[in-house]
Every structure is written in structure tokens, then in C-alpha cells.
Asker: 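Handing you this structure, nothing more for now.
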Amino acid sequence: AIEPFSDIVEASSPDLAEAIPQILEQSPAMIVMADVGTLPDEARTQLIEWLDKGGTLVRFAGSRLAAAGNDEELLPVLLRIGERALGGTLSWTEPQPVTEFPATGPFADLSPPSEVTVSRQVLAEPTSDIVERTWANLADSTPLVTGARRGNGTLVLFHVTPEATWSNLPISGTFVEMLRRIVQLSRNQGRIDAA
């Protein structure tokens, strides 16, 4: 989804203790992690340092992240343990659509995608700053995308998986535009913070 407007570097190893340092050596503006639960200590420390210097870390939810403990330094919001299923046989609720994007976030002038629904998500803890950290909401007011500053960098969390298992968002045109805006944010952030 981001290939048309970004240079993509993929890790050569599935081992995060090796992959993260290899990627960080190339000084990326943005790193995307799909459903990573607990990070190895050294890789975690290196990611935090990179964020402090102006990096943008985009994370996606999944079963591993849902089962992991909260890592306040590498998540924009505190998460409830586990995931919420919507519209299943044991659920009273229907899959949720995306609502209007908050006016203060990077997606403010995008139209909410009418065809997108979410059937599973990780839930954020309701904290006093949840509204200002929410970049996209579902119709039931639960966050779909959250973001927060960390040092000179930015943390972004999509509360769904990066493939169409928990939501059809990743196969929508809106998803491509959301990622494009995050890429632009990471590029601008690097220029602003370097000045």
C-alpha cells in the first residue's frame, strides 16, 4: 500500500533481535510492524532511541499484540489485554463502520470509507487523553487508529491487523491514503526536528 510513494526496506531476518538493528542502520524515516507482541530488550531500546530522534513507528494489532502487556514507550495508548470480536456468533454487536475522522488528526479532510467495517480490534483503555490521541474512530466511539508523540518521533497504532482478517480497511483506497499521510508526516517530522 505504501510502495508507490516510499522506498521499502524489508528485514532479512524474522528474528526481531537481528531485524530491527539491521533496519535502523539504514536510517529509515518510518518503520512498520505487523502484530509484534513483546520486543527483545536491546531492539526495544534501539527503537526508543530512534523514536526520540524523530522516527515514526507504525504498529498494527493482531493476536500477539493483544496478548502482550502494555509497553507505554512503544504504544500511543494503553491497551486492554485481549481483543474484541464484533458480529460473531457469541457477540451481541455488529461489525462497526468508520465514522468521521477527528478534525485535529492527520486524516481530518478524508471522507470516512462507507464500505469499511471492523469485526475485531484491540481496545484502548479510556484515559483522559484518549480523545486527543485518536486519529480515527469507529461508530461506537472506540479508536481505530491512535497516535502520539514520543520524544521527537511519532507512534501510530492501527487497532486492527494489516491484512483483511479483522477489518476490510487494508483493502480499501482510504487505507492507502492514510498510510500516505503518515509517510508524509514522517518525512516532515524529520525535516522539522533536524532544523
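Computed from a prediction, not measured in an experiment: that's the story for all the values here. Values reported hereafter were calculated over all heavy atoms of this structure, with side chains retained and with hydrogens, waters and symmetry mates removed.
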Asker: Closer than 3.5 angstrom, by distance alone: can the side chain of Trp50 be matched with the main-chain N or O of Gly153 as a donor-acceptor pair?
Answerer: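 Between the backbone of Gly153 and the side chain of Trp50 there is no qualifying donor-acceptor contact (under 3.5 Å).
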Asker: If a pair satisfies salt bridge (charged side-chain N to carboxylate O under 4.0 Å, His left out) and one of its residues is in residues 107-118, list it, with sequence neighbours excluded.
Answerer: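 Every salt bridge (charged side-chain N to carboxylate O under 4.0 Å, His left out) pair that includes a residue of residues 107-118, provided the two are not neighbours, is Asp109-Arg181.
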Asker: Can you spot which of Leu74, Leu16, Asp52, Ile23 makes a side-chain contact (heavy atoms from CB on, under 4.5 Å) with Leu47?
Answerer: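 Only one of Leu74, Leu16, Asp52, Ile23 forms a side-chain contact (heavy atoms from CB on, under 4.5 Å) with Leu47, namely Leu74.
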Asker: Could you tell me whether a side-chain N or O of Asp35 sits under 3.5 Å from a main-chain N or O of Leu65, the two making a donor and an acceptor?
Answerer: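 Here the side-chain-to-backbone pair exists.
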Asker: Are the side chains of Phe175 and Leu179 in touch, meaning some heavy atoms are under 4.5 Å apart?
Answerer: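 When only atoms from C-beta onward are counted, Leu179 and Phe175 do touch, with a gap below 4.5 Å.
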Asker: Would you call the rings of Phe60 and Phe158 parallel, tilted or perpendicular, taking 30° and 60° as the class edges?
Answerer: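 Answer is parallel, since the angle falls under 30°.
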Asker: Could you measure the distance from the CD1 atom of Ile182 to the CZ atom of Arg180? Nearest 0.5 Å is fine.
Answerer: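 So the CD1 of Ile182 and the CZ of Arg180 are separated by 11.0 Å.
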Asker: Once side-chain contact (heavy atoms from CB on, under 4.5 Å) is applied, do any residues pair with Thr165, and if so which ones, sequence neighbours excluded?
Answerer: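 Per chain and number, Thr165 pairs via side-chain contact (heavy atoms from CB on, under 4.5 Å) with Thr161, Glu163.
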Asker: Using modelled atom types only, decide if a donor and an acceptor are shared between the side chain of Arg149 and the backbone of Asn152 within a distance under 3.5 Å.
Answerer: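 Yes, because the side chain of Arg149 sits within donor-acceptor range (under 3.5 Å) of the backbone of Asn152.
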Asker: Using side-chain heavy atoms (C-beta onward) and a distance below 4.5 Å, is Thr142 in contact with Leu123?
Answerer: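 Yes. Closest side-chain heavy atoms under 4.5 Å.
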Asker: Give the minimum heavy-atom separation between Ala108 and Ala103, together with the two atoms involved.
Answerer: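 Ala108 and Ala103 have their closest heavy atoms at CB-O, 3.4 Å.
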Asker: Checking Gln22 now: which residues fulfil side chain to side chain donor-acceptor pair (under 3.5 Å) with it, not counting sequence neighbours?
Answerer: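 Checked Gln22 against side chain to side chain donor-acceptor pair (under 3.5 Å); matches are Ser12.
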Asker: With a 4.5 Å cut-off on side-chain heavy-atom distances among I, L, V, M, F, W and Y, is there a chain of contacts connecting Val131 to Leu75?
Answerer: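 Looking at the clustering, Leu75 is in the same group as Val131.
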Asker: For Asp15, enumerate each residue passing the side-chain contact (heavy atoms from CB on, under 4.5 Å) test, keeping only those at least two apart in sequence or located in another chain.
Answerer: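 For Asp15 the side-chain contact (heavy atoms from CB on, under 4.5 Å) partners, ignoring immediate neighbours, are Ser13, Ala17, Glu18.
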Asker: What pair of heavy atoms forms the shortest contact from Gly37 to Arg59, and how long is it?
Answerer: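 Residues Gly37 and Arg59, closest heavy atoms: O-NH2, 3.6 Å.
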Asker: Closest approach of Val116 and Asn168, non-hydrogen atoms and distance?
Answerer: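 For Val116 and Asn168, the tightest heavy-atom pair comes out as CA-OD1, 3.1 Å.
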Asker: For Phe101 and Met178, work out which heavy atoms get closest and say how close.
Answerer: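 For Phe101 versus Met178, the nearest heavy atoms are CE2-CE, 4.1 Å.
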Asker: Can you name the side-chain contact (heavy atoms from CB on, under 4.5 Å) partners of Ala139, sequence neighbours left out?
Answerer: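 Result, side-chain contact (heavy atoms from CB on, under 4.5 Å) vs Ala139: Gln96, Pro97.
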Asker: How would you list all residue pairs meeting salt bridge (charged side-chain N to carboxylate O under 4.0 Å, His left out) that involve residues 121-138, not counting sequence neighbours?
Answerer: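 Counting only pairs at least two positions apart or across chains, the salt bridge (charged side-chain N to carboxylate O under 4.0 Å, His left out) contacts touching residues 121-138 are Arg80-Glu125, Asp129-Arg133.
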Asker: His159 and Leu79: side-chain contact (heavy atoms from CB on, under 4.5 Å), yes or no, with the steps?
Answerer: CA-CA 10 Å; His159 291 242; Leu79 299 178; 3.8 Å; yes
Asker: With sequence neighbours left out, what residues match Ala19 under side-chain contact (heavy atoms from CB on, under 4.5 Å)?
Answerer: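 Applying side-chain contact (heavy atoms from CB on, under 4.5 Å) to Ala19 gives Ala11.
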Asker: Counting distance only, does the side-chain N/O of Thr154 pair as donor-acceptor with the main-chain N or O of Ala148 below 3.5 Å?
Answerer: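 Checking the backbone N and O of Ala148 against the side chain of Thr154, no donor-acceptor pair under 3.5 Å is found.
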Asker: About how many Å separate CG of Leu144 and OG1 of Thr99, when rounded to the nearest 0.5 Å?
Answerer: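 Answer for the OG1-CG pair, Thr99 versus Leu144, is 11.0 Å.
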Asker: Measure across Leu51 and Gly55 and return the closest heavy-atom pair with its distance rounded to 0.1 Å.
Answerer: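 The pair with the smallest heavy-atom distance is CD2-O, 3.4 Å.
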Asker: As an exercise, state the distance from CG of Leu110 to CD of Glu177, rounded to the nearest 0.5 Å.
Answerer: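 So the CG of Leu110 and the CD of Glu177 are separated by 5.5 Å.
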Asker: Which pair of heavy atoms, one from Gln121 and one from Pro143, lies closest together, and at what distance?
Answerer: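 So the minimum-distance heavy-atom pair works out to NE2-O, 3.2 Å.
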Asker: Under the rule for side chain to side chain donor-acceptor pair (under 3.5 Å), what residues qualify as partners of Ser114, not counting sequence neighbours?
Answerer: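 For Ser114, no residue satisfies side chain to side chain donor-acceptor pair (under 3.5 Å) once neighbours in sequence are set aside.
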Asker: What residues form a side chain to side chain donor-acceptor pair (under 3.5 Å) with Thr134, not counting sequence neighbours?
Answerer: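 Scan of Thr134 (side chain to side chain donor-acceptor pair (under 3.5 Å), adjacent residues dropped) gives none.
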Asker: Given side chains that start at C-beta, do those of Leu39 and Met33 come closer than 4.5 Å, heavy atoms only?
Answerer: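 Touching, per the 4.5 Å side-chain cut-off.
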Asker: Please check: side-chain N/O of Arg64 versus main-chain N/O of Thr38, any donor-acceptor pairing under 3.5 Å?
Answerer: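 A pair under 3.5 Å: no.
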Asker: What pairs with Arg44 under side chain to side chain donor-acceptor pair (under 3.5 Å), at least two apart in sequence or on another chain?
Answerer: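 Residues passing side chain to side chain donor-acceptor pair (under 3.5 Å) with Arg44: Asp71, Glu73.
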Asker: State the CG-OG1 distance between Leu155 and Thr146, to the nearest 0.5 angstrom.
Answerer: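 Answer rounded to 0.5 Å: 9.0 Å.
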Asker: How long is the span from the CD atom in Glu100 to the CZ atom in Phe107, to the nearest 0.5 Å?
Answerer: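 The CD atom of Glu100 sits 14.5 Å away from the CZ atom of Phe107.
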Asker: Measure the CZ-OG distance between Arg120 and Ser63 for me, rounded to the nearest 0.5 Å.
Answerer: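 OG of Ser63 is found 6.0 Å from CZ of Arg120.
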